2 protein chains.
Amino acid sequence: RPWIIVIGNEKGGSGKSTSAMHVLISLAQRGRRVAAIDLDGRQRSLTRYLENRAAHCKDQGLSLVQPPIITVERSEEETTQDAKRDERKRFTDALETLAAEHDTIMIDCPGSDTYLARYAHAHADTLITPVNDSFVDLDLFARIDSDTYKVKAPSLYAEMVWEARKWRAVADGGQIDWLVLRNRMPVQRSRNKARIQEVMDLLAKRIGFRHVPGLSERVVFRELFLKGLTLMDLSDSGIVGGLRNSMSLVSARAEVRRLVEAVLSAEKA
Amino acid sequence: RPWIIVIGNEKGGSGKSTSAMHVLISLAQRGRRVAAIDLDGRQRSLTRYLENRAAHCKDQGLSLVQPPIITVERSEEETTQDAKRDERKRFTDALETLAAEHDTIMIDCPGSDTYLARYAHAHADTLITPVNDSFVDLDLFARIDSDTYKVKAPSLYAEMVWEARKWRAVADGGQIDWLVLRNRMPVQRSRNKARIQEVMDLLAKRIGFRHVPGLSERVVFRELFLKGLTLMDLSDSGIVGGLRNSMSLVSARAEVRRLVEAVLSAEKA
Ligand SMILES: Nc1ncnc2c1ncn2[C@@H]1O[C@H](COP(=O)(O)OP(=O)(O)OP(=O)(O)O)[C@@H](O)[C@H]1O
Ligand SMILES: Nc1ncnc2c1ncn2[C@@H]1O[C@H](COP(=O)(O)OP(=O)(O)OP(=O)(O)O)[C@@H](O)[C@H]1O
Ligand SMILES: [Mg+2]
Ligand SMILES: [Mg+2]
């Protein structure tokens, strides 16, 4: 059975699709037979990103790695029970279709609490959760004391992952290796950034995840979507019309590489 | 009947709750009888922000404006029809409860496409949509050509607002004044920022919204959540333990003030 990597965080805009695309392409470039499943049947950001890539390659006569993707549509069933059964089936069908020809499957979740996302979490070998460098986002992990910055209690998303881990343990005794990374971190040092680092390290022990090196706030992450490119497709001078700051590009690529290495070490585990 | 302001964008993490809190507190400080409705029954970011504010004021003996908020819980009904009826009722009850004592009601929407959010959009006098300075976010407004940056076709969220406008016109002949602002813009000039500005100005004409001055990427927006404070609660030197860069604080406040003025000009219209 393939290695299943889920990118999850019910908090919207934490960087799931952006991270998913960069890890997906990195793994493909390293020769893995990797495919993707998009569980965001409405916004389909990862699907759109790959569609843009295919169109750009066709236009420009480029041949870049192009992992296949299955987009799981939302159920139209009228009752909750029927919708859940329908979604479980769609998920399993997508997984089985891809498992036949791929050893690694990356699953991008929507930015809200859906049954489909929960079901995917329960199937994860590796769960990757990007989170904004922000106490607003951390509120989904735990209630934090506003004076001492101590962890008062776990919160919604931590509880959801806890549920998924129990579900998984019951199903096949498997474990979920949970990697959490900060995204859109300010490049310069800031007191907020230092505080969030400390809180994340505490939460890692308390909630049970690995706090892995994250990604900085960089305009380049937002520029590449229309052409379906990732940092790993660019040379150091940047294909994208001469990117003005190749130092930033080199640092950005190093950050993605460190994330991918953390993910690969999860596979060995 | 009160002035209804809806903060909406189905794309997660675009800055709805952050903008909602800052506009809400600004209006309260200007003496309006304003209250809030939180339609994000699960994450409740705006509710949490105001809870933190109340707790902080109590701890520190501060007396800051404290607008009331009603959090609309998600329906537990088993069929789609029943859930919709239930949600319409909860929405209307919240609105009527607050309308009795307030002339302005601000409604924060969740970062996903829900019936409750759509119903709220159809009741808006003024709709405020923050969007990340990013082609990933713009994909929800329109398909953009990756070479010419021309608008190819409107997309999901633009269509949703179009539907809400039709619904509103049929219901009472009313119009929705739609304000769209970019959020988390890089402080420095960048080519991506300039391009997005142009695309937004084109979309404004084509889709029918006002492109209003937005908010820059600033760590301070993320630091204030735990104590429930906003930029408007801080003096120029910053209550929050001596904020190191008061220039940035002054500019940040000017940006919020410009947004609030754009919102107030919507009320006159
Ligand atoms: N490291 C980064 N630097 C700069 N911008 C970023 C970075 N990561 C993500 N973004 C931008 O932040 C926004 C949110 O990213 P993305 O869509 O990947 O998040 P998401 O978690 O998949 O969102 P959703 O919950 O809607 O699925 C996008 O506009 C994206 O371009
Ligand atoms: N102008 C800004 N500068 C810096 N950080 C910001 C800014 N605006 C928002 N943020 C941060 O971005 C993240 C998303 O903001 P917010 O929660 O307000 O968005 P949202 O649209 O309400 O999200 P959701 O879709 O989950 O409801 C938060 O971590 C917040 O602190
Ligand atoms: Mg996404
Ligand atoms: Mg919100």
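Quick caveat, the model's predicted, so the values are computed rather than measured. Letters A, B, ... are given to chains in the order of the sequence lines, protein chains preceding strands, and every chain is numbered from 1.
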Minimum side-chain heavy-atom gap [X]-[Y] below 4.5 Å:
{"X": "B/Met200", "Y": "B/Val131", "result": "yes"}
{"X": "B/Glu73", "Y": "B/Arg44", "result": "yes"}
{"X": "B/Arg182", "Y": "B/Gln197", "result": "yes"}

Check each of B/Asp113, B/Thr129, B/Val136 against B/Lys11 using the side-chain contact (heavy atoms from CB on, under 4.5 Å) test, and report the only one that passes.
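Result for side-chain contact (heavy atoms from CB on, under 4.5 Å) with B/Lys11: B/Val136.
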Taking side chain as everything from C-beta outward and backbone as N, CA, C, O, which of these in [X] sits under 4.5 Å from a heavy atom of chain A? Side chain, backbone, both or neither.
{"X": "B/Arg218", "result": "neither"}
{"X": "B/Leu140", "result": "side chain"}
{"X": "B/Tyr149", "result": "side chain"}
{"X": "B/Asp133", "result": "both"}
{"X": "B/Asn132", "result": "side chain"}
{"X": "B/Glu77", "result": "backbone"}
{"X": "B/Arg48", "result": "side chain"}

Best-contacting candidate, B/Glu217, B/Lys193, B/Arg184, against chain A by heavy atom pairs under 4.5 angstrom:
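Among B/Glu217, B/Lys193, B/Arg184, the one with the most close pairs to chain A is B/Arg184.
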Test salt bridge (charged side-chain N to carboxylate O under 4.0 Å, His left out) applied to B/Asp86 and B/Arg90, B/Lys84, B/Lys89, the passing residue
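Testing B/Asp86 for a salt bridge (charged side-chain N to carboxylate O under 4.0 Å, His left out) against B/Arg90, B/Lys84, B/Lys89 leaves exactly one candidate, B/Arg90.
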Start with the C-alpha gap between B/Leu224 and B/Leu234, add the side-chain angles, then the distance that decides, and say whether side chain to side chain contact (heavy atoms under 4.5 Å, CB included) holds.
CA-CA 10 Å; B/Leu224 302 173; B/Leu234 309 180; 4.1 Å; yes
With chain A as the partner chain, list the residues of residues 12-26 of chain B whose heavy atoms fall under 4.5 Å from it, by residue number, and write 'none' if nothing qualifies.
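The stretch touches chain A at B/Gly12, B/Gly13.
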